[in-house]
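Have a look at the structure below, then the notes.
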Amino acid sequence: MSLDSITTSVDEAVSGLFEPIATWLGEVVFYSVPVGGTELPLIVAWLVVAGLVFTAWFGLVQVRKFKLAVDVVRGKYDEKGSTGEVNHFQALTAAVSGTVGLGNIAGVAVAVSIGGPGATFWMILCGLLGMATKFVEVTLGVKYREVHPDGTVSGGPMHYLPKGLAERFGKNGKTFGKVLAVMASFMVLFFGLFGGNLFQVNQSYAQLVSVTGGEDGLMGSSAGALFFGILIAALVGVVLLGGIRSIANVTSKLVPAMAGIYIAACLVVILVHVTAVPAAIATIIEGAFNPQGVAGGVLGALIIGFKRAAFSNEAGLGSAPIAHSAVKTKHPASEGLVALLEPFIDTVIICTMTALTIVIANPASWAEARAGESIGGVTITSDAFATVMPWFPYILTVAVMLFAISTVLTWGYYCMKAWTHLFGRSQASEITFKVIYTLFAVAGTLLTLQTLIDMADAVLFMLAVINIIGLYLLAPVVKRELNSFLEFVRARDAGEITDDTPSDEDQESVKTTV
């Protein structure tokens, strides 16, 4: 029996077994209600409302403290002797690498095809709201992280839910938090294996095959697939062995590289069509409030834009705090401010650049998609670049590879923390996980397992439900931490404290007006 027939049989068997479960779970998690002639997924509304609430609660923190966030990333407020494994910049790039991926390339194309150019406007707005949610969850991630005797750090919803709820609500809060922590760990682990690993490898391999002659080309055979899978698995395995320090060292170089390549390509298209930029911006704004040919009108464009942004930047899902918790800091809110830059980079910059490139280039495939024909996703984006750079599919392949590898690495770290929370931190436990995770990377080139990937998406967004409930209950803690850090910044800027000043982080936070 050939390798192709084996993998096909496995795919069919998995689909037959899990498809009913995946279908039911998707219907529950992504349940939609009719609004103004279109469908609104309640989970998207849940995420957007959280962004609105936290934006109001913290007084537009994403706008007022944006410059401070940049200063923190630059290391202006670093303190000697801070507990943690990586610096602010490395923590940010590690987390960004988990969100910036194929969704920024293909997902945005789908959004502006279904929702029209105006979806871009609402996508940006949702990204801005998500900055406040990300600030809250990451501050909690650092506040309640667990520092192990060997200096490594574990954080995320599996830690701040039980610890934070116990601190605020006593025994009952602790019990409730422990249940939520186990659920959160399972959800992170399941999505990481299928959505953050297998799917990313599968799609990057598909792009590689497409530029090397298709199924009859160099990489189109089963042997080529196996070779690519083993190569990716080896790279991932080696980096995972080094933990978050190793992952951060890789992503701190990989993320700027991949973002630089992609944004540079967008700018080339935009500059070549520079005279069309004002009209494109006008089309986006007009389409947001007066869309043409979009099902559901304004609400249709709004919902599509919000949906794409929510799926892209993962604000409120609880995944990013796992990476950010490893940061070296004595003030949890400092990393919360750094984290609010994540949706800005992912959604406001990269997703918007993709949308603007498509609108300006106006490739034939986009017009066909908007007319109701098949929507190609990455093909539309690639065609937009090809209007200026016919050779761009090769560059896009490099970008997709970088996106995929960085995402696999970051989700490997997320999964590790979920795994050890469930099964312990013994050496045998960690080695077992790393073997399983690398095998999934190999399987990604051979299998599609689309049904399990669909389930993984639903499971990840289930995490948003329990995570945001915790964020609401623990928001007063975040307010105190922000007050404490702002007082530290004021004192540092005034010269009242220096790196050599003994830390007073264990003392009661100084109350200031936020």
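Along the sequence shown, the residues carry numbers beginning at 1. Below, each value reflects all heavy atoms present in this structure, side chains not excepted, and no hydrogens, waters or symmetry copies.
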Are Asp346 and Lys134 ion-paired here, with the side-chain N under 4.0 Å from a carboxylate O?
no
Correct closest heavy-atom pair for Leu463 and Ala184 would be CD1-CB, 3.5 Å
Which residues satisfy the side chain to side chain donor-acceptor pair (under 3.5 Å) test with Asp71, sequence neighbours excluded?
Lys67, Arg74
Can we call the ring centroids of Tyr144 and His159 under 6.0 Å apart?
no
Closest non-hydrogen atoms of Glu167 and Val477, given as atom of the first, atom of the second and distance, are OE2-CG2, 4.4 Å
So, are Glu496 and Arg490 salt-bridged, with charged N and O less than 4.0 Å apart?
yes
Does either side chain, that of Ser154 or that of His148, offer a donor lying less than 3.5 Å from an acceptor on the other one?
yes
Can the ring centroids of Phe289 and Trp122 be said to lie less than 6.0 angstrom from one another?
yes
Can a donor-acceptor pair be found between the side chains of Thr329 and Glu335 at a distance below 3.5 Å?
no
Describe, in one word, how the ring planes of Trp57 and Phe54 are oriented to each other, choosing from parallel (under 30°), tilted (30 to 60°) and perpendicular (over 60°).
parallel
Taking the side chain as everything from C-beta on, heavy atoms only, tell me whether Val108 gets closer than 4.5 Å to Thr381.
no
Would you call Leu92 and His324 a side-chain contact if the rule is heavy atoms closer than 4.5 Å?
yes
Can a side-chain donor-acceptor contact be found between Lys330 and Ser82 if the only test is distance below 3.5 angstrom?
no
For Phe485, is there any backbone N or O sitting under 3.5 Å from a side-chain donor or acceptor partner on Ser334?
no
Ring centres under 6.0 Å, that's the criterion: do Phe385 and Tyr262 meet it?
yes
Near-ring test Phe433/Phe423, centroid separation under 6.0 angstrom
no
Pair Glu85-Thr152, side-chain donor/acceptor within less than 3.5 Å
no
Is the closest side-chain heavy-atom distance between Ile345 and Ile350 below 4.5 Å?
yes
Taking side chain to side chain donor-acceptor pair (under 3.5 Å) as the cut-off, I'd like each qualifying pair that reaches into residues 269-283, sequence neighbours left out, listed once.
none
Would you indicate whether the side-chain heavy atoms of Cys126 and Val48 approach each other to under 4.5 Å?
yes
Interatomic distance, Leu161 atom CG to Leu180 atom CG [nearest 0.5 angstrom]:
5.5 Å
List the steps and the verdict of side-chain contact (heavy atoms from CB on, under 4.5 Å) for Arg492 and Phe488.
CA-CA 6 Å; Arg492 172 69 77 87; Phe488 165 77; 3.5 Å; yes
Give a yes or no on whether the backbone of Met158 and the side-chain of Ser185 come within a donor-acceptor separation of less than 3.5 Å.
no
Kindly indicate whether the side chain of Phe66, heavy atoms from C-beta on, has any atom under 4.5 Å from the side chain of Leu337.
no
Without swapping roles, check the side chain of Thr93 against the backbone of Gln90 for a donor-acceptor pair under 3.5 Å.
yes
Taking the side chain as every heavy atom from C-beta outward, state whether Ser319 and Trp411 have any pair of such atoms under 4.5 Å apart.
yes
Which heavy atom of Ala119 sits nearest a heavy atom of Ala111, and at what distance?
CB-O, 3.8 Å
Between Val61 and Leu340, what is the shortest heavy-atom contact and its length?
O-CD2, 4.2 Å
Rounded to the nearest 0.5 Å, how far does OG1 of Thr410 lie from CD1 of Ile405?
12.0 Å
Which value, rounded to the nearest 0.5 Å, describes the distance between Leu341 atom CG and Met131 atom CE?
6.0 Å
Out of curiosity, Leu317 CG to Asn467 CG, how far, rounded to the nearest 0.5 Å?
7.5 Å
Would you mind telling me which of Leu231, Val408, Val201 makes a side chain to side chain contact (heavy atoms under 4.5 Å, CB included) with Val236?
Val408
Exam field: side chain Asn197 to backbone Gly412, donor-acceptor pair closer than 3.5 Å:
no
Answer yes or no on whether Lys479 is positioned over the face of Phe58, meaning its NZ or CZ is under 6.0 Å from the six-membered ring centre and within 45° of the axis.
yes
Compute whether any side-chain donor of one residue and acceptor of the other, for Glu481 and His331, lie under 3.5 angstrom apart.
no
Val153 backbone acceptor or donor facing Arg145 side chain under 3.5 Å
no
Within a strict 4.5 Å, meaning less than it, do heavy atoms of the Val478 and Lys143 side chains meet?
no
Any sub-3.5 Å donor-acceptor pair from Ser429's side-chain atoms to Arg425's backbone N or O?
no
Which pair of non-hydrogen atoms, one from Ile284 and one from Phe121, has the smallest distance, and what is that distance?
CG2-N, 3.9 Å
Donor-acceptor side-chain pairing of Ser325 and Tyr160 below 3.5 angstrom
no
Less than 6.0 angstrom separating the ring centers of Phe169 and Phe176, yes or no?
no
Classify the ring geometry between Phe440 and Phe194 as parallel (under 30°), tilted (30 to 60°) or perpendicular (over 60°).
perpendicular
Under 6.0 Å between ring centres: does that hold for Phe461 and Trp46?
no
Checking Tyr437 side chain against Met416 main chain: does a donor-acceptor pair fall under 3.5 Å?
no
